[in-house]
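Encoded as structure tokens, the structure appears first; notes follow it.
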Amino acid sequence: MTDMLTHTLEDDTALPPGSRISLAVREVRETAFRALYAAGVSAGEAGGAADVVTAMQLHARNGIDTLLATIAELESPAGAADVTLTRSPEVDIVDRSPRSALLTGPLAVDLALSQSRPVLLPRIVDHDAVAWYALHAVSRSGATLCLVTLDDGGHPADATVVTGAGDMYRDVAVAALTTGVPATGAGTLLRTAPPAAHLSRPVHTAAERETRYRHAVSYGVFIDAATWSRAYELGRRFLVPEAHS
């Protein structure tokens, strides 16, 4: 997971000048939506996922990469399948094929925030996209949501915490985190109970994100040109080809 507090507001110095382009925020969002919709994602789901892609690209530089990986999964030979929800006495398990954090995460976050039960995303251990959606979702509810990475033995490995105040904490100490659910293998567990461990300085705050957004609206979002070219081509499939006589 990549954090962007060291990113300079004047320009994106992590990319060589010849390999980057500057895009409008709305162009990033629209291309992500079109690419996902063309890949078979419903309009509503594609819209929510496009918002996450835009936030990730703006604040963490990995939104378009996440978009490309998600579409590659959707277009794999296995194809897409319906979401399944399995309830046990301790946890709700949300699963789908492919196991995309970008598409499955919002369902799990909304479920976790609407009830007092934990929710498990099996075999999704990189929950970056889930955390960015959760940051938006908790701002409406004022809740604090913990995203705990479980190792192969189902034990806590690390955690991300997002708060209703708009703060995101990375690499939260897991020594005091208890899942309260049986060992179920690797995945991400979502629960609304605040962590017992002391939280250090957040890696993203509401004020910092607002500053970055305002700058991006004025000066654009810097993206690797080759990566953007692949996303743009996927977005073009949304358009209906003209008929030729």
Worksheet item: For the side chain of Arg117 and the backbone of Val91, is there at least one donor-acceptor N/O pair under 3.5 Å apart?
Response: yes
Fill in: Tyr133 side chain to Asp51 side chain, donor-acceptor N/O pair below 3.5 angstrom
no
Discussion item. Donor-acceptor check, side chain of Asp167 to backbone of Tyr169, threshold 3.5 angstrom: yes or no?
Written reply: no
Worksheet entry | For Ala206 against Ala165, the heavy-atom pair lying closest together | CB-O, 3.7 Å
Worksheet item: What distance separates Ile223 CD1 from Tyr232 OH, expressed to the nearest 0.5 Å?
Response: 13.5 Å
Discussion item. Counting neighbours of CG on Asp151 that are heavy atoms of other residues, nucleotides or ligands and sit closer than 6.0 Å, is the number greater than 12?
Written reply: yes
Item to complete: Could you tell me whether Arg26 atom CZ has more than 12 heavy atoms of other residues or ligands within 6.0 Å of it?
Response: no
Worksheet item: Which value, rounded to the nearest 0.5 Å, describes the distance between Glu27 atom CD and Ile21 atom CD1?
Response: 7.5 Å
Worksheet item: Got a donor-acceptor contact below 3.5 angstrom from the Thr188 side chain to the Ile124 backbone?
Response: yes
Worksheet item: Run the side chain to side chain contact (heavy atoms under 4.5 Å, CB included) check on Leu113 and Arg140 step by step: do they pass?
Response: CA-CA 10 Å; Leu113 291 175; Arg140 302 191 301 261; over 6 Å; no
Item to complete: Look up atom CG in Leu68 and atom CD in Glu73, then write down how far apart they are to the nearest 0.5 Å.
Response: 11.5 Å
Worksheet entry | Considering all heavy atoms, the nearest Gly187-Val125 contact | N-CG1, 3.8 Å
Practice prompt. Please tell me if the side chains of Ile93 and Pro122 come closer than 4.5 Å, counting only heavy atoms from C-beta onward.
Written response: yes
Practice prompt. Please check if the side chain of Ser218 supplies one atom and the backbone of Arg214 the other of a donor-acceptor pair under 3.5 Å.
Written response: yes
Discussion item. Keeping Ser114 on the side-chain end and Leu111 on the backbone end, is there a donor-acceptor pair under 3.5 Å?
Written reply: yes
Item to complete: State plainly whether the residues Glu208 and Arg212 are in salt-bridge range, i.e. N to O under 4.0 Å.
Response: no
Fill in: Results of side chain to side chain donor-acceptor pair (under 3.5 Å) for Arg209 - residues two or more places apart only
none
Worksheet item: Can a salt bridge be assigned to the pair Glu233 and Arg230 using a cut-off of 4.0 Å between side-chain N and carboxylate O?
Response: no
Worksheet item: Does Trp132 reach the side chain of His204, with side-chain heavy atoms less than 4.5 Å apart?
Response: yes
Discussion item. I'd like to know if the side chain of Thr84 pairs up with that of Asp95 as donor and acceptor (distance under 3.5 Å, no hydrogens or angles considered).
Written reply: no
Worksheet item: So Val52 and Met56, side chain to side chain contact (heavy atoms under 4.5 Å, CB included) or not? Walk me through it.
Response: CA-CA 6 Å; Val52 175; Met56 293 177 70; 3.7 Å; yes
Discussion item. Tell me the closest heavy-atom pair linking Ala231 and Ala35, and the distance in Å.
Written reply: O-CB, 4.4 Å
Discussion item. So Arg237 and Ile71, do their side chains get closer than 4.5 Å, heavy atoms only?
Written reply: yes
Worksheet item: What distance separates Asp224 CG from Arg61 CZ, expressed to the nearest 0.5 Å?
Response: 11.0 Å
Worksheet item: Can you list the residues that meet the side-chain contact (heavy atoms from CB on, under 4.5 Å) rule with Glu45, with sequence neighbours excluded?
Response: Val41, Ser42, Arg96, Leu103
Practice prompt. Would you confirm whether Arg29, through its side chain, and Ala55, through its main-chain N or O, come within 3.5 Å as a donor-acceptor pair?
Written response: no
Discussion item. Return the CG to CE distance between Leu135 and Met168, rounded to the nearest 0.5 Å.
Written reply: 4.5 Å
Discussion item. When you measure from the side chain of Ser229 to the backbone of Ala226, do you find a donor-acceptor pair of N or O atoms at a distance under 3.5 Å?
Written reply: no
Discussion item. Does any part of the side chain of Asp92, heavy atoms only, come nearer than 4.5 Å to the side chain of Gln115, both counted from C-beta?
Written reply: yes
Worksheet item: OG1 of Thr31 to CG of Leu234: how many Å apart, nearest 0.5 Å?
Response: 10.0 Å
Fill in: Qualifying residue, where the test is side-chain contact (heavy atoms from CB on, under 4.5 Å) with Leu147 and the options are Val130, Asp128, Leu189, Leu121
Val130
